[in-house]
Amino acid sequence: MRSKIGALFWVRDLLRAEVLSGRFAHNPLPGEDRLQGRYGVGRATIREALRILTEQGLIERVRGAGTFVVCPEVFRHRVVNSWDLVQNSEAGPNRVAFKLTHLELMPAPAHVAAKLQVGDGDDVIVFEQLSFLDGSLLSLRCGWWPADLLSAALTEGADLDRSPYEILEGMGRVLVGDTDLIVSASVADEHIAQLLGVTAGAALLDTERVIYNLDERPVEFSMSHARGDRITMGTSMRSLHER
């Protein structure tokens with residue numbers, strides 16, 4: 001027995017997956033009749049799925065012309081190596097850009113001190129940085145570096161409009177080791193919504209990370225909020241069995 005609600009869920013999710021895959025980037029979506037035949041569901045289910053994707057800002061329905069994808073191409077970031085978006089092979093030379101918006105020396109708050117393994121109140125550098133995908137805002141990152149490693153970042157004219165990994169290895173002369181990454185989800189409050197150009201309550205993809213050097217010393221602790229409609233993160237999960 002098929003649940004009407006269940007059918008709507010998987011039809012919506014399949015349509016969303018196809019839209020985000022780029023399949024319809026240059027052509028309109030199939031018409032309602034074709035979508036009915038593809039998924040084996042009624043017209044009402046197709047229309048409701050399309051309505052949801054329209055509300056999510058992924059597609060636009062134009063009377064007499066068809067249904068078109070309106071979201072920018074989604075960026076797929078492989079979570080495999082210790083690197084940032086700009087170092088991803090799918091990024092290409094110009095897709096991702098960074099802009100530093102704040103930099104300050106401050107005493108380490110207790111939680112930051114614990115993550116960086118420094119003393120409470122020790123000097124750390126706090127930074128805020130925006131990232132852009134194809135010229136559109138993608139995310140906001142707030143992070144901290146140990147002051148003794150990145151003191152060069154405080155000098156006038158320092159080039160900080162680049163990946164934190166590149167800053168660490170270039171300006172900090174750090175050989176990057178492993179990265180601990182926690183991925184979660186949240187909804188945009190009015191302030192982050194205005195900054196990222198989304199509506200309040202929109203889904204965000206959040207990350208919390210600690211970057212280590214080759215000696216396993218923490219060299220960055222940071223948190224970010226990214227537009228959930230513009231990025232996916234993926235990895236390959238390996239078998240527990242011997243091959």
Next item on the list: Grab the two heavy atoms, one from His225 and one from Leu196, that are nearest each other, plus how far apart they are.
Entry: O-CD1, 4.0 Å
Checklist line | Donor-acceptor pair, side chain of Asp161 and main chain of Leu100, under 3.5 angstrom | finding: yes
Notebook entry, point to check: Any donor-acceptor pair under 3.5 Å linking the side chain of Thr101 with the backbone of Glu128?
Noted result: yes
Notebook entry, point to check: At what distance, to the nearest 0.5 angstrom, does CG of Leu29 lie from CZ of Arg23?
Noted result: 9.5 Å
Next item on the list: Consider only side-chain N and O atoms of Thr179 and Tyr165, and report whether a donor and an acceptor are under 3.5 Å apart.
Entry: yes
Checklist line | Exercise: identify the closest heavy-atom pair between Leu15 and Ala49 | finding: CD1-CB, 4.0 Å
Checklist line | Any donor-acceptor pair under 3.5 Å from Gln36 side chain to Ala44 backbone | finding: no
Next item on the list: Only counting residues at least two apart or in another chain, list the ones meeting side-chain hydrogen bond (donor to acceptor under 3.5 Å, both in side chains) with Arg12.
Entry: none
Margin query: I'd like to check the side chain to side chain contact (heavy atoms under 4.5 Å, CB included) partners of Ala158; sequence neighbours left out, ordered by chain and number.
Written below: Thr155, Leu160, Met171
Item checked: From CA spacing to verdict: side-chain hydrogen bond (donor to acceptor under 3.5 Å, both in side chains), Ser131, Ser139 -> CA-CA 5 Å; Ser131 69; Ser139 69; 2.5 Å; yes
Next item on the list: Test Val126 against Leu105 for side-chain contact (heavy atoms from CB on, under 4.5 Å), laying out the working first.
Entry: CA-CA 6 Å; Val126 59; Leu105 188 69; over 6 Å; no
Note to self: What I'd like to find out is whether the side chain of Phe68 reaches to under 4.5 Å of the side chain of Phe24, using heavy atoms alone.
What the structure shows: no
Margin query: Distance check, rounded to the nearest 0.5 Å: Leu140 atom CG versus Leu130 atom CG?
Written below: 5.5 Å
Check: With no hydrogens and no angle check, is any side-chain donor or acceptor of Asp122 less than 3.5 Å from a backbone partner on Gly119?
Finding: yes
Item checked: Backbone N/O of Arg217 and side chain of Asp215: donor-acceptor pair under 3.5 Å -> no
Next item on the list: Report the residues that fulfil ring pair (Phe, Tyr, Trp, His ring centres under 6.0 Å) with Phe127, sequence neighbours left out, ordered by chain and then residue number.
Entry: Trp145
Item checked: Pairs satisfying side chain to side chain donor-acceptor pair (under 3.5 Å), at least one member in residues 181-205, at least two apart -> Ser186-Asp206
Margin query: Quick check for you: to the nearest 0.5 Å, what is the distance between Gln129 atom CD and Leu103 atom CG?
Written below: 10.5 Å
Next item on the list: Pick out which of Ile46, Leu35, Leu50 makes a side-chain contact (heavy atoms from CB on, under 4.5 Å) with Val11.
Entry: Ile46
Checklist line | Summary of ring pair (Phe, Tyr, Trp, His ring centres under 6.0 Å) pairs that have at least one residue in residues 198-224, sequence neighbours excluded | finding: His111-Phe221, Trp144-Phe221
Next item on the list: Check step by step if side-chain contact (heavy atoms from CB on, under 4.5 Å) holds for Glu220 and Arg209.
Entry: CA-CA 8 Å; Glu220 182 203 284; Arg209 78 183 182 195; 2.9 Å; yes
Next item on the list: Apply side-chain contact (heavy atoms from CB on, under 4.5 Å) to Ile125 and Leu154, showing your working.
Entry: CA-CA 9 Å; Ile125 298 171; Leu154 297 170; 4.0 Å; yes
Next item on the list: Begin from the C-alpha positions of Thr207 and Arg141 and carry the test side-chain contact (heavy atoms from CB on, under 4.5 Å) through to its verdict.
Entry: CA-CA 9 Å; Thr207 61; Arg141 178 173 297 278; 3.4 Å; yes
Notebook entry, point to check: Is a side-chain donor or acceptor of Arg162 paired with a backbone partner of Ala97 at a separation under 3.5 angstrom?
Noted result: no
Checklist line | Partner residues of Arg61 under the side-chain hydrogen bond (donor to acceptor under 3.5 Å, both in side chains) criterion, sequence neighbours left out | finding: Glu32, Thr67
Note to self: Is there a salt bridge (Lys or Arg N to Asp or Glu O under 4.0 Å) between Glu169 and Arg173? Walk through the geometry before answering.
What the structure shows: CA-CA 5 Å; Glu169 293 203 326; Arg173 302 184 183 278; over 6 Å; no
Next item on the list: Measure the spacing between CG of Leu205 and CE of Met233 and express it to the nearest 0.5 Å.
Entry: 5.0 Å
Notebook entry, point to check: Considering all heavy atoms of both residues, which atom of Leu137 and which atom of Leu195 are nearest to each other, and what is their separation?
Noted result: CD1-O, 2.9 Å
Next item on the list: To the nearest 0.5 angstrom, please state how far the CG atom of Asp148 sits from the CG atom of Asp123.
Entry: 9.5 Å
Next item on the list: Inspect the surroundings of CD in Glu216 and state if more than 12 heavy atoms from other residues, nucleotides or ligands are less than 6.0 Å away.
Entry: no
Checklist line | Hydrophobic cluster identity match, Val183 and Leu138, side-chain contacts under 4.5 Å | finding: yes
